[in-house]
Amino acid sequence: MNLLNVTVLHKLWKQGTIVKVDNENLWVKFNNKPINRNTDTIMFSYPSAFVTGFLKIVDNDELQQEIMADAIKKEELKKKQMSQQVVVVPKNNPVKKQPKKHYERENIAFKCNYCDGGASASQIGYAGVCSKAVIKYNITEAKRTWCSSEQCECNRFLNGELTYNDLCEIHASNKFLCYESGMFINWKASAGTDVKNGKMDRPRKLKKVQKNSLCILTTVKPDALETERMIFGVFLVDESYEGDNQAEGYVTTKSKYKLKLTPKEAKEILFWNYHKNSNDQGTARWSSGLYRYINDVVSAQILRDIATIKKNSHDEELAKEFFEYYCKVNNVDIDSLPQNNGALLI
């Protein structure tokens, strides 16, 4: 089976071409340099990259099936070889199996860079290229990690390498600018990457988010205080990826249970009215990290209040149904749901 020059599709990095293959690995050169990577050519394990769904052959189902059949043969051969091995374990030194760590399901709140791309009376933004003023603020004043990186096209715009129209064309062609610029298009949020010596380093993982977790999107407007952090969108997770050494974890949805808040509504749903830190509970301070895990009760309180402010709007029925469905699938008793008790209310 010849895989050289075959076109493949990656979940995150989109289309690329296989440029090298050996018995255990293959190398893919992507059309666009993958985010948070220093090269456009990435190595993958073969055939596990296809089995796990990271890679998929483009427009050749027959070749895809050959790869899957090859994977089955390799797995059967591996099992056969292992069954033929004789392992002698001293009686006084038994091998202890390490149990696989289990994480309880939790919900997640993301700290999102402010993005006014596509802003209107119905949404804060998060559906297009930021305005020139916000780009400048995120890079020169707030010094946002991705916005300020050498890989970010917005930074290249601010340095005079690209025009604003270039940024708009990049976004319109579905090429990557940042997660925020497509958040209300793709309904996807990612864990991000650790930064080392000013450069993107190790992808972060999401270990506790599962199907039916609530994803809560939060932000603070330029020059606003942390106490004014608002919730501008929520969605029910139906797909989550923990992450690995090559790509950060993410959550996304194709469910109907997703809601945008208008700018006016978002000002009424302040994150710190619901959440408090485990220590110093009366202080609204996010500090480091791009996300926080949130329990079911707090998540239900947020959905309850969103359903309340959505009354007499076109989202009224969906907001009510979303709240009731979330409580049902996560065993939250609506009738005994307490009032919120976040840092701003202590």
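Worth knowing before you read on, the calculation uses all heavy atoms, side chains too, and leaves out hydrogens, waters and symmetry mates. Quick caveat: nothing in here was measured; it's all calculated off a predicted structure.
Between Y293 and Y291, the ring centre distance stays below 6.0 Å.
Hydrophobic cluster membership of L167, counting Ile, Leu, Val, Met, Phe, Trp and Tyr whose side-chain heavy atoms lie under 4.5 Å apart directly or via other members: V129, I135, I139, F157, L158, L162, Y164, I170, L177.
Every residue two or more places apart in sequence or in another chain was checked for a ring pair (Phe, Tyr, Trp, His ring centres under 6.0 Å) with Y326, and none qualifies. Partners of E321 according to the salt bridge (Lys or Arg N to Asp or Glu O under 4.0 Å) rule, which considers only residues two or more places apart in sequence or in another chain, are K256. Here Y114 pairs with nothing under the ring pair (Phe, Tyr, Trp, His ring centres under 6.0 Å) rule; sequence neighbours left out. The side-chain hydrogen bond (donor to acceptor under 3.5 Å, both in side chains) test applied to E228 returns no partner, not counting sequence neighbours.
Ring geometry for F44 against F30 counts as perpendicular: the plane angle is over 60°, on a 0 to 90° scale with 30° as the lower cut.
Applying the ring-ring contact (aromatic ring centres under 6.0 Å, His included) test to residues at least two apart or on different chains, none of the pairs has a partner in residues 327-346.
A distance-only check finds a donor-acceptor pair linking the side chain of Q64 to the backbone of I57 [under 3.5 Å]. When atom types are taken as modelled, the side chain of S240 and the backbone of V251 share no donor-acceptor pair closer than 3.5 angstrom. Side-chain N or O atoms of N155 include one that pairs as donor or acceptor with a backbone N or O of S148 at under 3.5 Å.
Here the rule is side chain to side chain contact (heavy atoms under 4.5 Å, CB included) with V237, and of V209, N212, T253 only V209 fits it.
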